[in-house]
Amino acid sequence: QVQLVESGGGLVQAGGSLRLSCAASGSSFSINAMGWYRQAPGKQRELVAVITSGGSTNYADSVKGRFTISRDNAKNTVYLQMNSLKPEDTAVYYCNAGGEIYIYGSKWSAWGQGTQVTVSS
């Protein structure tokens, strides 16, 4: 019912910046929380940042002060601005979102396909 499409990943040197985008599409739906997760090879997927419909945010301690999550409700899009990137930030980044289907009064959740972020030292 709802699909998430991510973009913005790439290769960057340590200290550089990238901006990830995730756009949700579908019909008759609302979005509550939207967030970003990441998974490095051989590691578990971890929460990076989350933002609610009201704009409240939370970040993993490892990215506080460097990453900023934001959303554009008119575009159904969430962003992750990543500054001062470190090699340990290298991972596949996944968008996640959830909300409600208006016509059914049911909840939904979805994952993006993932976008690779590689930070060289």
Side-chain angles (χ1 to χ4, degrees):
Q1 185 68 31
V2 182
Q3 298 81 43
L4 305 180
V5 179
E6 299 157 283
S7 62
L11 175 64
V12 64
Q13 291 185 323
S17 298
L18 286 173
R19 190 192 193 200
L20 306 183
S21 299
C22 174
S25 62
S27 61
S28 301
F29 72 95
S30 65
I31 304 174
N32 293 325
M34 303 186 78
W36 290 93
Y37 290 73
R38 67 186 182 187
Q39 187 168 23
K43 295 185 177 181
Q44 296 294 310
R45 187 172 299 185
E46 63 176 345
L47 177 67
V48 176
V50 62
I51 184 167
T52 69
S53 60
S56 298
T57 60
N58 283 288
Y59 298 90
D61 289 340
S62 60
V63 307
K64 286 182 179 178
R66 300 188 298 119
F67 291 10
T68 302
I69 188 170
S70 61
R71 63 191 289 172
D72 184 336
N73 291 331
K75 297 181 178 180
N76 291 327
T77 300
V78 63
Y79 306 94
L80 185 67
Q81 179 67 46
M82 305 184 294
N83 298 325
S84 301
L85 283 162
K86 304 174 181 180
E88 50 263 46
D89 295 319
T90 296
V92 177
Y93 284 70
Y94 297 91
C95 178
N96 177 248
E100 184 174 302
I101 305 297
Y102 292 136
I103 60 175
Y104 299 123
S106 59
K107 297 179 179 179
W108 65 269
S109 64
W111 288 91
Q113 79 284 358
T115 184
Q116 177 70 48
V117 172
T118 302
V119 184
S120 63
S121 60

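Here, residue 1 is the first one in the sequence, and each next residue gets the next number.
- Here the shortest heavy-atom pairing between A97 and L4 reads N-CD1, 3.8 Å.
- Smallest separation of non-hydrogen atoms from Y59 and F67: CE2-O, 3.3 Å.
- Across all their heavy atoms, G114 and V92 have their closest contact at CA-CG1, 3.8 Å.
- The CZ atom of F29 lies 4.5 Å from the CD1 atom of I31; values are rounded to the nearest 0.5 Å.
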Which donor-acceptor pairs under 3.5 Å do the side chains of residues 46-58 make with protein atoms, sequence neighbours left out?
residue, atom, partner, partner atom, Å
E46, OE2, R38, NE, 2.8
E46, OE2, R38, NH2, 3.4
T52, OG1, G54, N, 3.3
T52, OG1, G55, N, 3.4
T52, OG1, S56, N, 3.2

Distance-only donor-acceptor hits, side chain of residues 12-20, under 3.5 Å, sequence neighbours excluded:
residue, atom, partner, partner atom, Å
S17, OG, N83, OD1, 2.9

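- To the nearest 0.5 angstrom, M82 atom CE is 11.0 Å from T68 atom OG1.
- Here the shortest heavy-atom pairing between I69 and G35 reads CD1-CA, 4.1 Å.
- Partners of K43 under the salt bridge (Lys or Arg N to Asp or Glu O under 4.0 Å) rule, at least two apart in sequence or in another chain, do not exist in this structure.
- Checked against side chain to side chain contact (heavy atoms under 4.5 Å, CB included), S106 has the following partners two or more places apart in sequence or in another chain: I101, Y104.
- Between the T90 side chain and the T118 main chain, no donor and acceptor come within less than 3.5 Å of each other.
- A donor-acceptor contact shorter than 3.5 Å links the side chain of E6 to the backbone of Q113.
- Residues that satisfy the side chain to side chain contact (heavy atoms under 4.5 Å, CB included) test with S25, not counting sequence neighbours, are Q3.
- Classification of the W111-Y94 ring pair by plane angle, with boundaries at 30° and 60°, yields perpendicular.
- In this structure, CG on L80 lies 13.0 Å from OH on Y37, to the nearest 0.5 angstrom.
- Under the rule for a side chain to side chain contact (heavy atoms under 4.5 Å, CB included), the partners of K86 that lie at least two apart in sequence or sit in another chain are R66, E88, D89.
- With rounding to the nearest 0.5 Å, the separation of CG in N32 from OG in S109 is 11.5 Å.
- Closest of all the heavy-atom pairs between M34 and V78 is CE-CG1, 3.6 Å.
- A distance of 10.5 Å separates OG in S30 from NZ in K107, rounded to the nearest 0.5 Å.
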